[in-house]
A.B. asks: 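Here you go, one structure.
Here the structure is a predicted model, which means the values were calculated and not measured. Numbered from 1 within each chain, the chains take letters A, B, ... in sequence-line order.
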There are 2 protein chains.
Amino acid sequence: MWISRKTDYATRAVLALAIASGRSLKSHEIAEKTHIPPSFLEQIMGQLRGAGIVRSERGPGGGYRLNHPPQEITLERIVRIFQGPLAPISCATRTAPEPCPMEVMCSLKETWEEVRDATIAILERTDFEKLANRAGGPWLEISDKRQKTESLKSEV
Amino acid sequence: MWISRKTDYATRAVLALAIASGRSLKSHEIAEKTHIPPSFLEQIMGQLRGAGIVRSERGPGGGYRLNHPPQEITLERIVRIFQGPLAPISCATRTAPEPCPMEVMCSLKETWEEVRDATIAILERTDFEKLANRAGGPWLEISDKRQKTESLKSEV
DNA sequence: CATAATGTCGACTTAAAAAGTCAACTTTGT
DNA sequence: ACAAAGTTGACTTTTTAAGTCGACATTATG
């Protein structure tokens, strides 16, 4: 339970854009598709933009789109933007492990590092092209359920 | 960074008891060895006792000791007591996954489940006998650094 | 140029969880 | 009796998460 709501929202927003495959989505469209509170989404899109994940266009007809091909965007990247270090505990971060005050050598650290590395490995190999495909997309102009249902069926 | 300080403390306390290998430790001894705030440790030991991990004796000469052989106590067990579900996100818990509101099939869930399963696997195969051994223990009445240092050297 | 539809920014609020403290109490060995 | 333990539950403080809001900037369209 360590993925914050904000991170969850961010990954869902990026997934929505990946499924849109290059076309831009307006903020409120993303909000609707993903059920993210619109005013909160603003904040999140700002951070994604700042991190170079999405680019935006203003004015009528504006919106957001991915700034890179989906296969180049890993889940690890997005999670790190919102979540900070992926280690389960501060003594086991890769870049700045906090010293452990235990008197005896703390053998727990090794295990926390295993968890960290396993987590990172999974998130690094999961890119948004895979995720979009797994979701049954990319779709071109989907509006009715039939099309969606069929594309899902054909995958099973 | 999802292991709370409390969970961290709890695992360290159990490790200290595992290293003590059957002998009992007083609350303040555990607090010293692990640098846990003594009054906070009270709370934690209470929970460990309630969960059947440790047993206690009152009065002078009292203290805590493990209620089972260390190899029967997994890290997973302790973490669950203090941390709740091990899934990174509520839609990916094993027992009560929260429904996801995404309109399209949310393919992220699969990856969160991978992370969950990898985490659980690591924590389940890590028991406190291994941890105590890895820490260089169990020791009988260690008080000087020399002994500690030597036992570590012989392991490397 | 006016307007409306968009994104941008930063300060603000609220709610919840984490972290830690404390005092009064119970048990038990000597 | 007394002192050295553990027990209990309520309390406080701090931090983080989660979300809101209003004023502003940009731009396509008529």
A.B. asks: If you pin A:Lys6 and A:Gly61 to their nearest nucleotides in DNA chain D, which one's is more 5'?
C.D. replies: A:Lys6
A.B. asks: Distances under 3.5 Å only, N/O to N/O: pair up the protein atoms with those of nucleotides 24-27 of chain D.
C.D. replies:
residue	atom	partner	partner atom	Å
D:dA25	N3	A:Arg58	NH1	3.1

A.B. asks: According to side chain to side chain donor-acceptor pair (under 3.5 Å), who are the partners of B:Ser56, at least two apart in sequence or on a separate chain?
C.D. replies: B:Arg49
A.B. asks: Restricting to non-hydrogen atoms, name the atom on A:Gly62 and the atom on A:Ser24 that form the minimum distance, rounded to 0.1 Å.
C.D. replies: O-OG, 4.0 Å
A.B. asks: Taking atom P of C:dG7 as reference, at what distance in whole Å does atom CZ of A:Phe40 sit?
C.D. replies: 18 Å
A.B. asks: Near DNA chain D, under 4.0 Å by heavy atom, which residues of residues 73-97 of chain B?
C.D. replies: none
A.B. asks: So if I take residues 42-51 of chain A and measure heavy-atom distances to DNA chain C, which residues fall below 4.0 Å?
C.D. replies: A:Glu42, A:Arg49
A.B. asks: Can you tell me if the side-chain N/O atoms of A:Lys26 get under 4.0 Å from OP1 or OP2 in C:dT6?
C.D. replies: yes
A.B. asks: Between atom CD of A:Glu114 and atom OG1 of B:Thr126, what is the distance when rounded to the nearest 0.5 Å?
C.D. replies: 5.5 Å
A.B. asks: Using five pairs at each end of the helix from C:dC1-D:dG30 to C:dT30-D:dA1 to define an axis, what is the angle between those two axes, to 10°?
C.D. replies: 0°
A.B. asks: Got B:His28 and B:Pro38 here, is their nearest side-chain heavy-atom distance under 4.5 Å?
C.D. replies: no
A.B. asks: Short question: side chain of A:Thr74, backbone of A:Glu124 - any donor-acceptor pair under 3.5 Å?
C.D. replies: no
A.B. asks: Select base, sugar-phosphate, or nothing to describe what A:Ser4 touches, counting heavy atoms under 4.0 Å on all strands.
C.D. replies: sugar-phosphate
A.B. asks: Do the side chain of A:Glu110 and the main chain of A:Ser107 share a donor and acceptor less than 3.5 angstrom apart?
C.D. replies: no
A.B. asks: Could you report the tightest heavy-atom contact between A:Ala51 and A:Ile81, atom names first, then the distance?
C.D. replies: CB-CD1, 3.5 Å
A.B. asks: Taking all non-hydrogen atoms of both residues, which atom of B:Arg65 and which atom of B:Leu17 are closest, and how far apart?
C.D. replies: CA-CD2, 4.2 Å
A.B. asks: Please list, one pair per line, the donor and acceptor atoms closer than 3.5 Å that link side chains of residues 90-102 of chain A to other protein atoms, with sequence neighbours excluded.
C.D. replies:
residue	atom	partner	partner atom	Å
A:Ser90	OG	A:Glu98	OE1	3.1
A:Thr93	OG1	A:Ala96	N	3.3
A:Thr93	OG1	A:Ala96	O	3.0
A:Arg94	NH2	A:Asp117	OD1	3.1

A.B. asks: For A:Glu29 and C:dG7, give me the distance from atom CD to atom C1', rounded to whole Å.
C.D. replies: 14 Å
A.B. asks: Which word best sums up how the rings of A:Tyr9 and A:Phe40 line up, parallel for under 30°, tilted for 30 to 60°, or perpendicular for over 60°?
C.D. replies: perpendicular
A.B. asks: If I compare all heavy atoms of A:Thr34 with all of A:Ala16, which pair ends up nearest, and what's the gap?
C.D. replies: CG2-CB, 4.1 Å
A.B. asks: Closer than 4.0 Å, any side-chain N/O of B:Tyr9 to the OP1 or OP2 of C:dA18?
C.D. replies: no
A.B. asks: Indicate the atoms forming the closest heavy-atom contact of B:Leu41 with B:Ser27, along with that distance.
C.D. replies: CD2-O, 3.3 Å
A.B. asks: Round to a whole Å and report the spacing from CZ of A:Arg5 to P of C:dA17.
C.D. replies: 10 Å
A.B. asks: Which nucleotide in the set C:dG20, D:dT20, D:dA18 lies at the smallest distance from any side-chain heavy atom of A:Ser39?
C.D. replies: D:dT20
A.B. asks: Is any side-chain N or O of A:Ser56 closer than 4.0 Å to OP1 or OP2 of C:dT8?
C.D. replies: yes
A.B. asks: Search all heavy atoms of A:Phe128 against all heavy atoms of A:Ile78 and return the closest pair with its distance.
C.D. replies: CE1-CG1, 3.7 Å
A.B. asks: Only one of A:Lys6, A:Arg5, A:Arg12 passes side chain to side chain donor-acceptor pair (under 3.5 Å) with A:Asp8; say which it is.
C.D. replies: A:Arg12
